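Here the structure comes first, spelled out in structure tokens, and everything after it is commentary.
It should be emphasised that the depicted structure is a prediction, and the values quoted were computed from it without experimental measurement. We use all heavy atoms of the structure for the numbers below, so side chains are in, but hydrogens, waters and symmetry mates are not. In what follows, chains are A, B, ... by sequence order, proteins preceding strands, each numbered from 1.
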Number of protein chains: 2
Amino acid sequence: MTRARTLKSRQKSKQDSSTLDIHAVARKANVSIATVSRTINRIPTVNAKLAKRVWAAIDELDYVPDTQARALGSGRSGMLGLVVSEITNPFFPELIQRFEDVAIENGYEILISSTNYDPKRMELGIQRLLQRKVEGVAILTFGLEQPLFQKLADRKIPLVFVDVGPDRPGISLLKIDYAHGIRQGVQHLAALGHRKIGFVSGPMALHSAQSRSTAFLKALDECGIEVRPEWQVEGDHTLGGGIRGMERILDCSSRPSALVCSNDMIAIGVLHKAYHVGIRVPSDLSIIGFDDIQIAKVMFPPLTSVQMSRIDLANAAVKALKAHIEGNNPLREYKIDTHLVVRQSTDYPPGAFGEKKPS
Amino acid sequence: MTRARTLKSRQKSKQDSSTLDIHAVARKANVSIATVSRTINRIPTVNAKLAKRVWAAIDELDYVPDTQARALGSGRSGMLGLVVSEITNPFFPELIQRFEDVAIENGYEILISSTNYDPKRMELGIQRLLQRKVEGVAILTFGLEQPLFQKLADRKIPLVFVDVGPDRPGISLLKIDYAHGIRQGVQHLAALGHRKIGFVSGPMALHSAQSRSTAFLKALDECGIEVRPEWQVEGDHTLGGGIRGMERILDCSSRPSALVCSNDMIAIGVLHKAYHVGIRVPSDLSIIGFDDIQIAKVMFPPLTSVQMSRIDLANAAVKALKAHIEGNNPLREYKIDTHLVVRQSTDYPPGAFGEKKPS
DNA sequence: CTGTTAGCGCCTTCAA
DNA sequence: TTGAAGGCGCTAACAG
């Protein structure tokens with residue numbers, strides 16, 4: 001069966017006569033390719049002398065192993081997928097950065113897919129993740145339709161969701177304690193004397209937006225503050241959503257003295273609109289955001305916000321995925337805390353002292 | 001030499017008896033794997049009837065071709081690398097998003113690598129790009145040390161740089177016309193009556209920061225405005241850089257009435273610091289940013305900024321890379337325009353009317 | 001502990 | 001136009 005040793009030379013762009021592959025290294029180091037492979041993979045049973053020769057050869061040739069081939073041979077792609085809603089919302093880059101760092105620390109590469117709230121786009125993204133044979137996927141979209149992830153689940157790819165997800169093996173949840181931070185926010189406002197508090201929510205189709213809204217209503221109740229439906233407006237988690245939300249508030253017959261927002265982008269939109277119509281923050285209106293993104297602290301005034309740690313989120317996500325992949329008894333749920341960061345967008349309600357009402 | 005047909009069963013996690021690979025599809029469609037491959041790759045010579053059968057089989061089995069294997073077989077990874085400085089600077093996500101969109105439209109996947117201004121991190125990132133066998137890399141870091149990209153160049157991987165880069169085949173440049181937008185900015189200030197104009201630069205190690213600074217000085221000269229070295233302060237392209245830059249300006253014996261900033265993050269930092277010490281914008285101090293990131297327009301006051309189109313940048317980068325990869329006479333340079341967007345952070349200098357100086 | 005060798009899943013020439 | 005079969009570069013039994 002020995003066939004003519006056809007000098008391998010397909011149309012591919014071979015630079016020199018021999019390709020810079022594991023064979024070249026093996027030749028140079030005078031060992032077998034298996035030894036080279038073992039050395040690269042840091043398998044401890046390799047003779048130190050040989051290993052040194054191998055590394056030297058690698059160095060000299062400037063050899064870089066081909067990840068694709070490695071993945072094919074080993075059956076492990078070494079990639080984690082990360083699905084986010086919208087990369088242009090500053091919350092996500094901060095999350096992505098941390099996720100990437102942690103993933104790399106753990107020997108994984110990441111493949112990012114941003115859905116932009118578009119199911120079609122999301123489906124394509126998932127298709128790509130599938131094709132690249134990701135070993136696990138963190139879906140940090142905060143509530144987009146889960147049916148779309150069915151394909152991933154079908155292939156038994158470990159998954160991490162935020163808040164809620166199917167109760168099946170291979171799936172973990174990052175349970176965010178919205179209630180805690182939001183309660184702190186409402187209590188903070190109540191302590192300042194606010195009784196007229198509104199809420200600009202995210203899209204109610206998003207579970208996370210619902211949770212925040214619910215947490216707000218509950219906190220209001222706990223403080224014995226009346227809920228005014230008119231002051232519960234729905235936006236989306238963008239600047240525009242905040243601006244439109246504020247416009248809705250402006251239309252109210254009577255206006256709230258404080259507004260809690262479902263995320264910082266909304267809060268910034270609200271703030272912007274407020275100034276635009278001459279409402280001063282915090283003297284006329286107190287505002288609380290959610291997420292505590294980086295720019296929150298340099299807004300004018302610096303935004304009081306409920307912080308949700310991107311670091312904790314990313315850490316937990318990678319940790320969960322890794323546990324699933326390696327079979328190290330992954331947890332079903334990972335708790336993520338939230339807490340209030342008080343800055344200057346909240347203050348006493350107007351007229352709290354001496355009824356000085358702005359005209 | 002015929003060896004026992006060992007039922008393929010390495011430790012790998014095979015789900016069922018047969019893997020869901022191209023063979024399964026071929027079997028189901030009653031064709032050879034070659035035909036399946038051709039069908040998937042949309043090679044026109046495939047009989048329509050067969051193709052239909054193949055697609056049906058693919059659909060039924062929910063088959064997804066393995067990109068890794070495909071890459072190995074074809075020698076094309078289908079990936080483009082994108083190196084950015086700092087994913088948490090809002091300028092970059094806007095760029096990344098567009099780059100990704102365009103890349104996908106053109107059949108490429110992207111691999112992002114953010115350097116965080118850290119050479120070590122950058123080297124690791126490049127290593128990863130190499131391992132993944134990217135077909136081209138856009139280095140949109142605006143000026144980090146190029147020697148680090150030697151490895152990419154050595155392997156003849158098509159490269160795109162911003163502003164400057166080695167003049168070699170396979171390398172294109174995105175030439176940004178900083179001068180135009182910055183001149184507009186300075187002229188705008190001059191027209192308002194400003195004669196005392198300072199500049200908060202980015203790190204001068206960055207070519208793009210130098211270019212902006214140079215463009216500023218040139219524009220000043222063109223307007224016949226005196227350059228005051230004390231008012232040229234160096235920062236970095238972050239919020240902190242802006243805050244520190246403003247602190248340096250505050251230390252000056254006499255203060256400028258307007259400040260041009262090397263990017264929006266600096267401008268926002270400056271704005272923040274200014275308010276912090278009671279300087280009003282734009283009545284006491286006019287500020288111009290650069291980049292025109294999304295949040296610039298919702299700052300208080302909305303930031304006047306020199307816009308550099310992320311869309312144009314991303315489009316040109318992918319276009320250049322694609323031209324190189326496919327050998328379609330790529331251009332050496334692609335021009336990117338900049339222009340001023342006037343908002344409310346610029347106004348007449350203090351005392352322009354009736355010498356009303358704030359105490 | 002090292003070397004030999006059979007795949008991994010696909011692409012692509014080659015012969016039919 | 002289709003099918004058969006040899007790589008692509010690497011990993012991981014298996015035998016020594």
Side-chain angles (χ1 to χ4, degrees), chain A residues 1-14 18-27 29-51 53-54 58 63-78 130-133, chain B residues 1-14 18-27 29-51 53-54 58 63-78 130-133:
Chain A
M1 271 283 184
T2 317
R3 80 179 38 235
R5 198 68 50 105
T6 49
L7 195 48
K8 57 175 176 178
S9 65
R10 286 156 76 187
Q11 230 84 323
K12 288 174 193 174
S13 60
K14 299 282 143 95
S18 68
T19 334
L20 180 44
D21 59 8
I22 202 173
H23 288 100
V25 177
R27 224 174 299 130
N30 253 316
V31 294
S32 70
I33 60 165
T35 298
V36 176
S37 175
R38 290 191 191 104
T39 305
I40 290 171
N41 290 305
R42 304 205 131 73
I43 290 179
T45 63
V46 181
N47 181 307
K49 276 216 156 57
L50 291 191
R53 284 220 310 269
V54 171
I58 287 176
Y63 164 76
V64 176
D66 182 330
T67 315
Q68 326 271 10
R70 226 189 312 201
L72 236 203
S74 67
R76 300 182 8 83
S77 70
L130 241 31
Q131 291 182 180
R132 292 280 172 193
K133 289 256 183 316
Chain B
M1 270 284 187
T2 317
R3 79 178 41 234
R5 199 61 55 98
T6 48
L7 193 50
K8 58 172 177 180
S9 65
R10 286 156 75 188
Q11 229 84 325
K12 288 174 192 175
S13 60
K14 299 282 141 101
S18 67
T19 334
L20 179 44
D21 58 9
I22 202 173
H23 288 100
V25 178
R27 225 174 299 132
N30 254 317
V31 293
S32 71
I33 60 165
T35 299
V36 177
S37 176
R38 291 191 190 104
T39 305
I40 291 172
N41 290 307
R42 304 201 131 75
I43 289 178
T45 64
V46 181
N47 182 308
K49 276 216 154 58
L50 291 192
R53 284 221 311 269
V54 171
I58 287 176
Y63 164 75
V64 176
D66 182 330
T67 314
Q68 327 271 9
R70 224 190 310 201
L72 235 204
S74 67
R76 300 181 8 84
S77 69
L130 242 30
Q131 291 181 181
R132 293 279 172 195
K133 288 255 184 315

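- The interatomic distance linking B/R76 (CZ) with C/dT12 (P) rounds to 9 Å, in whole Å.
- A/T39 contributes a side-chain N or O that, together with a main-chain N or O of A/T35, makes up a donor-acceptor pair within less than 3.5 Å.
- Here the side chains of B/I58 and B/I40 are in contact, with some heavy-atom distance below 4.5 Å.
- The listed nucleotides are D/dG3, D/dG9, C/dG3; the one nearest the side chain of A/A34 is C/dG3.
- Nucleotide D/dC8 holds its C1' atom 5 Å from the CG atom of B/L72, rounded to whole Å.
- Among residues two or more places apart in sequence or in another chain, the salt bridge (Lys or Arg N to Asp or Glu O under 4.0 Å) test is passed with B/R70 by none.
- The CD-C1' distance, from A/Q68 to D/dT11, rounds to 15 Å in whole Å.
- Nearest nucleotide to the B/I22 side chain, out of C/dT4, C/dC11, D/dC10: C/dC11.
- Overall, the helix from C/dC1-D/dG16 to C/dA16-D/dT1 carries an axis bend of 40° between its ends, with five pairs at each end and the value rounded to 10°.
- Side chain of A/T35, nearest nucleotide from C/dT2, C/dC10, C/dT13: C/dT2.
- Picking from D/dA12, D/dC10, D/dG3 the nucleotide with the shortest atom distance to the side chain of A/S74 gives D/dA12.
- Scanning both residues, B/V25 and B/Y63, for their nearest heavy atoms gives CG2-CG, 3.6 Å.
- The residue B/S37 sits close to a base: some heavy atom pair falls under 4.0 Å.
- With D/dG3, D/dA5, D/dT11 as the candidates, the nucleotide lying closest to the side chain of B/I33 is D/dA5.
- Qualifying side chain to side chain contact (heavy atoms under 4.5 Å, CB included) partners for A/S77, counting only residues two or more places apart in sequence or in other chains: A/M79, A/K133, A/E135, B/Q68.
- The nearest whole Å value for the distance from the CZ atom in B/R70 to the P atom in D/dG9 is 19 Å.
- With sequence neighbours left out, A/T67 forms a side chain to side chain donor-acceptor pair (under 3.5 Å) with no residue at all.
- Of the residues near DNA chain D, B/R38 and A/T67, the one whose nearest nucleotide (by heavy atom distance) lies more toward the 5' end is B/R38.
- Test A/N30, A/V31, A/V36 against A/L50 for side chain to side chain contact (heavy atoms under 4.5 Å, CB included) and you get one pass: A/V31.
- Between the side chain of A/D21 and the backbone N or O of A/H23, at least one donor-acceptor pair lies under 3.5 Å.
- Sorted by first and then second residue, the salt bridge (charged side-chain N to carboxylate O under 4.0 Å, His left out) pairs involving residues 38-49 of chain B (not counting sequence neighbours) form an empty list.
- Here the C1' atom of nucleotide C/dC8 and the CG atom of B/L20 are 15 Å apart, to the nearest Å.
- DNA chain D is contacted by A/N41 of residues 40-48 of chain A, taking any non-hydrogen atom closer than 4.0 Å.
- If you measure from atom CD1 of B/I58 to atom P of C/dC10, you get 10 Å, rounded to the nearest angstrom.
- Closest contact between the side chain of B/P65 and the listed nucleotides C/dC10, D/dC10, D/dG3 involves C/dC10.
- When all heavy atoms are compared, the tightest approach of B/A24 to B/T19 is CB-O, 3.8 Å.
- The CG atom of A/D66 sits 18 Å away from the P atom of C/dC8 (whole-angstrom rounding).
- Going from atom CG of A/D21 over to atom C1' of D/dT11 covers 14 Å, rounded to whole Å.
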